[in-house]
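For reference, the structure discussed in these notes is given below.
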Amino acid sequence: MGGKIYERILKNSKDGFLKIKGYKNKNGEYIGFDIIEYNNSLIEILKKILAKSNLNIDNIKEAFSKKFDDNNQKIKFEEFLKIVEKNEFKNVSFGKISYGMYLNIDGYYLEEYFILIFKLNFEQEIFRFSEQLDKATGVYFWVKDIKGNYITVNKKWLDEVGFESKESIEGLNSYDVWPKRQCDNFRANEKEVIEDNTIKIFEETFPFRNGDKTVDTTIWPLLDKDNHPIGTMGIAIDGKSRARFYENLNNNEKNFREITKYCDSVFFIRDEKNIIYMSPAYETIFEESCDYYAHDVYQFNNFFKNKEQKEGILKDYEFDKMNEGRAKAKLKNGKEKWIQYKFLPITDEDGKAIKRIGILTDVTKEVALEEEKEKIRLDFFANISHELRTPVNLILSSIQVLKLKLSTLDKENYNYFSNYINIMQRNTFRLVKLINNLIDSTKIDSKSIEIHPINSDIISFIEDTCSSVLHFVKSKNMNLIFDTDIEEEIIGFDPSYIERIMLNLLSNAIKFNKKDGNIFVNINVNEKDVVVEVKDEGPGIPEEKIPNIFDRFEQVRSKMKSEREGTGIGLYIVKALVDLHNGTVRVNSEEKDGCSIIFTLPRKKIEEKNDDNIIFKENKANMIDIEFSDIYL
């Protein structure tokens, strides 16, 4: 019943949904599959990826099978099914994440069927640029992949060509839209741009819906992070008399100004030191007149220098690389605005960056809206967490009262009721853990969490924490091995938070360890830091998941049973608590070779205060029961 509900949800999702049943040979190896169900989104995604205008159940199977072998992991489809069946989950990806399309496929095994989820993504800045150009008069904009298939176009293009929406053009080839003779010439220019990695400018006549128009056309290559071509981007401008756009970047920016003057964003061209051209939107956003040739780039950068970003937005960037981000600018009149920025290199025929294009967009209203939404979200989590805590505490107290009364029962009834009460208690602890994590993560997000450090021996404290869970580790037939290169080190730390960190890391190590495996807790002290490592011998973490492992709700699906998975909040809180101590935390892991979480604490003592003699007291047994509640047998 539950599975059917999930399938109905997936069928209406924007992500592609494909349900298949594999069949094997007598050796137990997969040799093919049958399609059971799929949704309309799958058809649209495959059309884009395969550049096919017509797909149905008869040719989906063949088209998808051929495409699958192009995945980045070089896994054959039959091998993919075998991995999914064994481990219940596997992810593969296609294409490159830069200025174009890329596809992720998540595979799940449910009973005798496989569920495949297709997620198609695009580099969003292209679409944002397209939306900005929607307001421009006489400017046609489009993006194509390396095969000449449309990825996106602007509204002016749609209106002139006669398509109703951007979705209706996505995935179509030039030959699906224009006459063959014109396509042959246009495609030849696109291939030249891709092969020579250069900008191509030419005059072209397009048979638009309201008649032929001659336009000045500019095509330039889209490159991935390794400077490999993955497509093209083009702009066409009305009028035979217009100078060719970008024909000579050194002495002719007339058409660039003509295009960018219609945009709300600031566009500028710069070389190593000077801003050569700044679009009129500068005066609107920065609220001052601009003498384009009087402002060198480092004067412009002063808008973005502040306590948090002392070097401004031009710190630590390479002239020949793309860089982007969001920063707060302080205007000369005292106002503050949030600016979304992006800088892209302009290369010559030899691939050397000679200039850069900058795009600056005022996103102050968007940031304010995001902050308001975040405040509402934080208030919601705080309220619901506190509302849940009261009834859960009452349930837990009632369970404790019931346990006191169990001793009055005979042995048979004692064992019967004790079993169910223990189940109730363990699951109540799981709710307490979730509620505590939600409350703490909300405090972290709102920056209202405080640290109360004392000067104490960090070595013995961590060793005591490890000793307190030894009985639990042994009950799982595992070993906990503690090692330190120094016997005592007095530093300032918050005992409650460090214990929280250690219990979380130890519970994760138990949860994801291999059967009868070892858990290693190693402490090393260097000149500046105390370095604590918690290592298991489990399946490890996939490389692509490591950069996001400390994000909130980031849950790495393990190869173990689903009941051993958590909410994905724990490591987010661990990182925040380590940050409060001015420490660092990182992960070392390889699949099938275990996982190490390593955090550091500065070797510094705090200034003694009158209230620093507060002794840390906590019911460790209760904390362990809560922290380890999701891995009880």
Side-chain angles (χ1 to χ4, degrees), residues 125-141 154-157 199 201 215-218 220 233-239 241-271 273-304 312-314 322-346 354-367:
E125 190 61 36
I126 290 176
F127 296 91
R128 197 174 296 121
F129 185 39
S130 173
E131 291 169 0
Q132 291 167 351
L133 286 175
D134 279 348
K135 299 178 181 179
T137 302
V139 178
Y140 309 92
F141 171 75
N154 72 339
K155 187 175 184 300
K156 179 68 175 176
W157 193 102
I199 296 172
I201 304 165
V215 293
D216 292 319
T217 303
T218 303
W220 60 95
M233 183 160 63
I235 285 180
I237 308 167
D238 279 355
S241 61
R242 297 206 177 178
R244 286 179 170 79
F245 180 66
Y246 264 3
E247 186 170 21
N248 189 331
L249 288 172
N250 292 315
N251 56 27
N252 186 2
E253 279 110 16
K254 178 180 178 181
N255 287 313
F256 184 77
R257 299 182 191 187
E258 191 69 21
I259 294 173
T260 59
K261 76 180 183 181
Y262 297 103
C263 298
D264 294 332
S265 298
V266 175
F267 287 77
F268 66 84
I269 302 174
R270 55 157 297 198
D271 58 19
K273 296 182 179 180
N274 300 310
I275 294 178
I276 299 168
Y277 164 75
M278 187 82 75
S279 70
Y282 174 90
E283 297 184 5
T284 302
I285 292 180
F286 291 93
E287 300 184 20
E288 65 170 6
S289 62
C290 176
D291 182 348
Y292 300 153
Y293 298 94
H295 290 73
D296 70 60
V297 67
Y298 297 105
Q299 288 177 333
F300 171 77
N301 192 45
N302 290 334
F303 286 120
F304 299 93
I313 60 177
L314 301 183
M322 182 195 77
N323 63 303
E324 61 184 326
R326 180 182 287 184
K328 183 183 288 186
K330 186 171 184 179
L331 310 189
K332 291 181 181 178
N333 60 14
K335 289 184 180 179
E336 291 184 340
K337 292 186 177 183
W338 280 98
I339 304 296
Q340 190 82 28
Y341 62 86
K342 186 164 189 174
F343 302 135
L344 302 128
I346 304 172
I354 55 174
K355 295 181 182 178
R356 286 169 70 81
I357 291 179
I359 306 171
L360 307 171
T361 305
D362 183 356
V363 293
T364 306
K365 291 182 179 179
E366 289 85 342
V367 170

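Since this is a predicted model, take the numbers as computed values, not measurements.
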First locate atom [atom1] of [X], then atom [atom2] of [Y], and finally report the distance between them rounded to the nearest 0.5 Å.
| X | Y | atom1 | atom2 | answer |
| --- | --- | --- | --- | --- |
| Ile269 | Arg356 | CD1 | CZ | 13.0 Å |
| Thr361 | Tyr341 | OG1 | OH | 12.5 Å |
| Lys337 | Lys365 | NZ | NZ | 9.5 Å |
| Ile357 | Lys342 | CD1 | NZ | 11.5 Å |
| Asn333 | Glu287 | CG | CD | 5.0 Å |
| Ile235 | Asn154 | CD1 | CG | 8.5 Å |

How close do [X] and [Y] get, heavy atom to heavy atom, and via which atoms?
| X | Y | result |
| --- | --- | --- |
| Gly358 | Phe343 | CA-CD2, 3.5 Å |
| Thr364 | Trp338 | OG1-N, 3.0 Å |
| Ile359 | Phe267 | CG1-CE2, 3.7 Å |
| Ala281 | Ser265 | CB-O, 3.3 Å |

If we ignore hydrogens and angles and just use 3.5 Å, is the side chain of Asp362 paired with the main-chain N or O of Ile285 as donor and acceptor?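 A pair under 3.5 Å: no.
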Heavy-atom check, side chain of Val367 versus side chain of Arg326, under 4.5 Å: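 In short, these two side chains touch, coming nearer than 4.5 Å.
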